[in-house]
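Before any comments, here is the structure.
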Protein chains: 2
Amino acid sequence: MYDQLKLDNQLCFRLYAASRLVTQAYRPLLEPLGLTYPQYLVMLLLWEKDWQSVNDIAHRLLLETNTVTPLLKRMEQEGLVKRNTDFIDKRRTIVGLTHKGKKLEEAAKTIPACITQGWDSGQSRPEDFAALPRALDALISKLKSNDN
Amino acid sequence: MYDQLKLDNQLCFRLYAASRLVTQAYRPLLEPLGLTYPQYLVMLLLWEKDWQSVNDIAHRLLLETNTVTPLLKRMEQEGLVKRNTDFIDKRRTIVGLTHKGKKLEEAAKTIPACITQGWDSGQSRPEDFAALPRALDALISKLKSNDN
DNA sequence: AACAATTATATCGTGTGCGACATAATGTTA
DNA sequence: TAACATTATGTCGCACACGATATAATTGTT
């Protein structure tokens, strides 16, 4: 039995598990808004800046366009976004908020606080928790550079 | 525009992105072994302790049994594991390694080091990186207790 | 023992993720 | 400007995840 193959020693599993648990924590808050977690991430981008291309959205979320396209189509079905062909570059599809999509921001603004509420209080070492964003950013940028 | 709704301010997105990037990093290493990342996690558990029930596996991986069941069936198709009904409690399906599954451990033992190689060197603050496992464990245990 | 409650697993439907590939529009270059 | 490469998006297939639900086996209670 190799120690490095023990589940409990694996940082990667912690990331995998934490990510799924966080998504689960969002579910009851997003369901009333008719959003899944990835759809919510798209809404965050569009609330920041309306009308972005599929590529823009995929790049920000570190997703492939073949993941984002069907996701956006479902959001269009729900009347949250519009998908138009760009006039200048007809290859591009630009995505914008509908009135319904814009209105949702007001209802969503309390969600982040609801999710993270009490997280640091559960930490035996608050300084570890404070380091999380920095450590993850460094890890993400490292992993991104692996492919291209 | 609410600051708390900016993507870059969201710890949750970092976890979501990091988790997917890690899985992607594993792919080229696991593909030669005929494993996906969740299947690799199941193998880790069975290499630690052969013959565990579907429930045992699901609990350790923090997954639902309706995720694990089809995953195990695919692994059975590939000849990596066997699925037997428990003699004492016929409700239970116990999962064990085949010869092929056992042999794979030798080939897998170098994977963890390959993945994490260079991770801390990319960190401007190594102490942040060292805190990651502790911070994630605390977060996971917090999120687990949310449901029950 | 009879029967309700619980437990373990499985089935079904929907929504991601992503590799492989297709297609149309734009850029580039001889 | 014709031919070719590149880019942006999309389709298809497969493997998760998970809520809702079904079913069979066991447990608990009377």
Side-chain angles (χ1 to χ4, degrees), chain A residues 13 16-28 30-31 34-42 52-59 61-78 80 83-95 143 146-148, chain B residues 13 15-28 30-31 34-42 52-59 61-78 80-81 83-95 143 146-148:
Chain A
F13 171 68
Y16 166 76
S19 172
R20 283 186 299 102
L21 287 169
V22 163
T23 303
Q24 286 172 35
Y26 269 98
R27 202 184 311 279
L30 291 177
E31 200 178 332
L35 290 173
T36 65
Y37 182 66
Q39 289 172 7
Y40 167 73
L41 294 178
V42 170
Q52 301 192 48
S53 74
V54 174
N55 233 340
D56 293 338
I57 295 170
H59 266 94
L61 301 183
L62 306 182
L63 288 167
E64 303 298 321
T65 61
N66 55 3
T67 298
V68 174
T69 292
L71 198 154
L72 291 170
K73 282 189 170 178
R74 282 185 288 268
M75 294 175 76
E76 191 182 35
Q77 294 290 321
E78 299 297 323
L80 295 166
R83 292 162 66 248
N84 296 342
T85 301
D86 187 58
F87 274 110
I88 297 114
D89 187 339
K90 293 198 187 62
R91 291 171 302 180
R92 289 154 55 92
T93 300
I94 51 171
V95 183
L143 288 165
N146 276 356
D147 350 295
N148 70 332
Chain B
F13 171 68
L15 286 169
Y16 166 76
S19 173
R20 282 185 302 99
L21 288 169
V22 163
T23 303
Q24 286 171 36
Y26 269 99
R27 202 183 311 279
L30 291 177
E31 199 177 333
L35 291 172
T36 65
Y37 183 66
Q39 288 171 9
Y40 168 73
L41 294 178
V42 171
Q52 301 191 47
S53 75
V54 174
N55 232 340
D56 293 338
I57 295 169
H59 266 94
L61 300 184
L62 306 182
L63 288 167
E64 303 297 321
T65 61
N66 55 2
T67 298
V68 174
T69 292
L71 198 155
L72 290 172
K73 281 188 172 181
R74 284 186 287 268
M75 295 176 75
E76 191 182 35
Q77 294 289 321
E78 298 299 321
L80 295 165
V81 301
R83 293 163 65 248
N84 296 342
T85 301
D86 188 57
F87 273 111
I88 296 113
D89 186 339
K90 293 196 187 62
R91 292 171 303 181
R92 290 155 56 92
T93 299
I94 50 171
V95 183
L143 288 164
N146 276 356
D147 347 294
N148 69 331

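Lettering follows sequence order; numbering is per chain, from 1.
Across every non-hydrogen atom of A:Met75 and A:Gln39, the tightest pair is CE-O, 3.5 Å. B:Leu15 and A:Ser19 make their closest contact through O-CB, 3.8 Å (heavy atoms, listed as atom of the first residue, atom of the second, distance).
With DNA chain D read from its 5' end, the first of the two nearest nucleotides for B:Thr67 and A:Asp56 is the one closest to A:Asp56. Summary of the strand contacts: A:Pro38 and A:Asp89 both lie near DNA chain C, and taking for each the nucleotide with the nearest heavy atom, the more 5' one is attributed to A:Pro38. Summary of the strand contacts: A:Lys73 and B:Gln39 both lie near DNA chain D, and taking for each the nucleotide with the nearest heavy atom, the more 5' one is attributed to A:Lys73.
The side chain of A:Thr36 lies closest to C:dT16 when the candidates are C:dT9, C:dC18, C:dT16. Among the nucleotides C:dG17, C:dC18, C:dA10, the one closest to the side chain of A:Asn66 is C:dC18.
For A:Asp89, the salt bridge (Lys or Arg N to Asp or Glu O under 4.0 Å) partners are A:Arg91, not counting sequence neighbours. Remark: B:Ala17 engages A:Leu62, A:Ile140, B:Phe13, B:Arg20 in a side-chain contact (heavy atoms from CB on, under 4.5 Å) (not counting sequence neighbours).
B:Thr65 comes within 4.0 angstrom of a base, heavy atoms only. Looking at heavy-atom distances under 4.0 Å, B:Ser53 makes contact with sugar-phosphate atoms alone, never a base. Nucleic acid contact class of B:Ile57 (heavy atoms, under 4.0 Å, all strands): none. Contact annotation for B:Ile88: backbone-only contact, meaning every heavy-atom pair under 4.0 Å involves sugar-phosphate atoms and none involves a base. Using a 4.0 Å heavy-atom criterion, one finds that B:Arg20 contacts the sugar-phosphate atoms exclusively.
B:Tyr16 has its OH atom 11 Å from the C1' atom of C:dC18, to the nearest Å. Atoms CZ (B:Arg74) and P (C:dT11) sit 12 Å apart, rounded to a whole Å. A:Arg91 places its CZ atom 16 Å from the C1' atom of C:dA22, with the value rounded to the nearest Å. The CG atom of B:Leu30 sits 13 Å away from the P atom of C:dG19 (whole-angstrom rounding). B:Leu63 places its CG atom 17 Å from the P atom of C:dA8, with the value rounded to the nearest Å. At whole-Å resolution of the value, OH in A:Tyr26 and P in C:dT16 are 16 Å apart. Atom P of nucleotide C:dT26 and atom CZ of A:Phe87 are separated by 13 Å, given to the nearest angstrom. As rounded to whole Å, 16 Å separates atom P of C:dT14 from atom CG of A:Leu71.
Put simply, the side chain of B:Tyr37 reaches to within 4.5 Å of the side chain of B:Leu30, judged on heavy atoms.
Taking the 5' to 3' direction, DNA chain D first and last meets chain A under 4.0 angstrom from a heavy atom at D:dT7 to D:dG19.
Atom-to-atom distance recorded for A:Tyr16:OH and B:Leu61:CG is 6.5 Å, nearest 0.5 angstrom. Rounded to the nearest 0.5 Å, atoms OG (B:Ser53) and CZ (B:Arg83) are 12.5 Å apart.
The one candidate from B:Thr93, B:Val54, B:Leu80 that meets the side-chain contact (heavy atoms from CB on, under 4.5 Å) condition with B:Leu72 is B:Val54.
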